[in-house]
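Working notes, beginning with the structure itself.
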Amino acid sequence: MKEYKYKINGNKYTVAVGDIDNNIAQIEVNGVPYKVELDRPAATAVKVNTPRPTAAPRTASGEKVIASKPAAAGKGSVVAPLPGVVISVNVKVGDTVKAADTVVMLEAMKMENSIRAGRDGKVTAINVNPGDSVLEGAVLVTLE
């Protein structure tokens with residue numbers, strides 16, 4: 001039995017609620033038993049079936065699919081030093097850049113990071129667009 005204590009108009013009541021069977025509840029108020037008919041049927045316990053998580057995806061041969069690291073950057077590649085979102089690309093294919101020139105602005109950890117060319121050269125390919133999310137080591141720009 002569940003027991004509750006109430007104070008109504010200055011009077012104290014101890015109410016114990018017992019079993020509920022066919023809309024009849026066994027109630028005891030200050031030690032006096034009562035049978036109380038409920039207005040509506042008592043709610044039955046609802047069992048919720050939670051879905052099981054799906055298994056990790058697998059390849060045709062049955063191996064697990066695991067995201068691999070970005071391909072190894074070549075000698076003239078400007079890579080992302082940390083994961084982030086590309087804010088802007090400051091060069092075009094064919095531009096000549098110096099080592100200290102900013103080629104890409106990358107937002108990472110709520111900070112803007114200037115990604116510099118790192119060496120003198122000519123831009124031969126731009127591999128990202130503004131708004132792209134990149135991983136650490138991803139090739140952003142290729143220099144000749």
Side-chain angles (χ1 to χ4, degrees), residues 1-29 34-144:
M1 285 188 144
K2 288 190 178 183
E3 189 172 291
Y4 304 94
K5 294 186 181 200
Y6 297 101
K7 189 173 188 180
I8 303 172
N9 293 332
N11 297 324
K12 292 183 181 181
Y13 296 94
T14 302
V15 179
V17 180
D19 294 333
I20 299 173
D21 188 32
N22 293 328
N23 289 344
I24 304 292
Q26 303 295 328
I27 307 284
E28 190 175 293
V29 180
Y34 294 95
K35 289 186 179 183
V36 178
E37 185 176 349
L38 302 175
D39 239 2
R40 57 188 163 146
T44 57
V46 177
K47 183 177 179 184
V48 178
N49 290 331
T50 55
R52 276 186 84 204
T54 58
R58 295 186 181 269
T59 62
S61 62
E63 295 137 7
K64 290 182 181 177
V65 176
I66 299 173
S68 58
K69 282 189 159 183
K75 185 177 178 183
S77 298
V78 178
V79 297
L82 66 166
V85 176
V86 176
I87 297 173
S88 66
V89 179
N90 301 341
V91 294
K92 295 181 286 216
V93 174
D95 288 354
T96 302
V97 295
K98 299 284 182 193
D101 290 348
T102 299
V103 292
V104 174
M105 288 297 290
L106 184 70
E107 181 182 340
M109 299 184 290
K110 299 192 182 203
M111 294 185 65
E112 291 183 4
N113 300 282
S114 297
I115 309 301
R116 303 193 190 289
R119 69 180 194 92
D120 295 348
K122 182 178 177 183
V123 177
T124 58
I126 298 172
N127 302 321
V128 294
N129 294 309
D132 288 354
S133 293
V134 294
L135 296 174
E136 180 180 354
V139 178
L140 305 173
V141 176
T142 305
L143 302 175
E144 179 180 81

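Smallest separation of non-hydrogen atoms from K5 and E3: CE-OE2, 3.9 Å. Closest non-hydrogen pair, K98 versus A117, comes out as O-CB, 3.5 Å. Counting all heavy atoms, side chain and backbone alike, A108 lies closest to L82 at CB-CD1, 3.5 Å.
A99 meets the side-chain contact (heavy atoms from CB on, under 4.5 Å) test with D120; sequence neighbours excluded. Contacts of K2 classified as side-chain contact (heavy atoms from CB on, under 4.5 Å), with partners at least two apart in sequence or in another chain: Y4.
Atom-to-atom distance recorded for E37:CD and K35:NZ is 12.0 Å, nearest 0.5 angstrom. Summarising the geometry, atom CZ belonging to R116 is positioned 4.0 Å from atom OG1 belonging to T102; distances are rounded to the nearest 0.5 Å. With values rounded to the nearest 0.5 angstrom, R119 atom CZ is found 8.5 Å from S77 atom OG. We find the OH-NZ distance between Y13 and K7 to be 12.0 Å, quoted to the nearest 0.5 Å. Atom CD1 of residue I87 and atom OG of residue S114 lie 9.0 Å apart, to the nearest 0.5 angstrom.
Shown here is D19, whose CG atom has no more than 12 heavy atoms of other residues, nucleotides or ligands within 6.0 Å.
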Please lay out, stage by stage, how I27 and V17 fare under the test side-chain contact (heavy atoms from CB on, under 4.5 Å). CA-CA 5 Å; I27 307 284; V17 180; 3.8 Å; yes

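Of the possible polar contacts, one joining the N113 side chain to the L106 backbone as a donor-acceptor pair under 3.5 Å is found. Not one N or O on the side chain of T142 forms a donor-acceptor pair closer than 3.5 Å with the backbone of T124.
No side-chain heavy atom of V123 sits under 4.5 Å from any side-chain heavy atom of K92. A 4.5 Å side-chain heavy-atom check between P81 and E136 finds every atom pair outside the cut-off.
If you run side-chain contact (heavy atoms from CB on, under 4.5 Å) between L140 and each of V89, D132, V79, V104, only V104 comes through.
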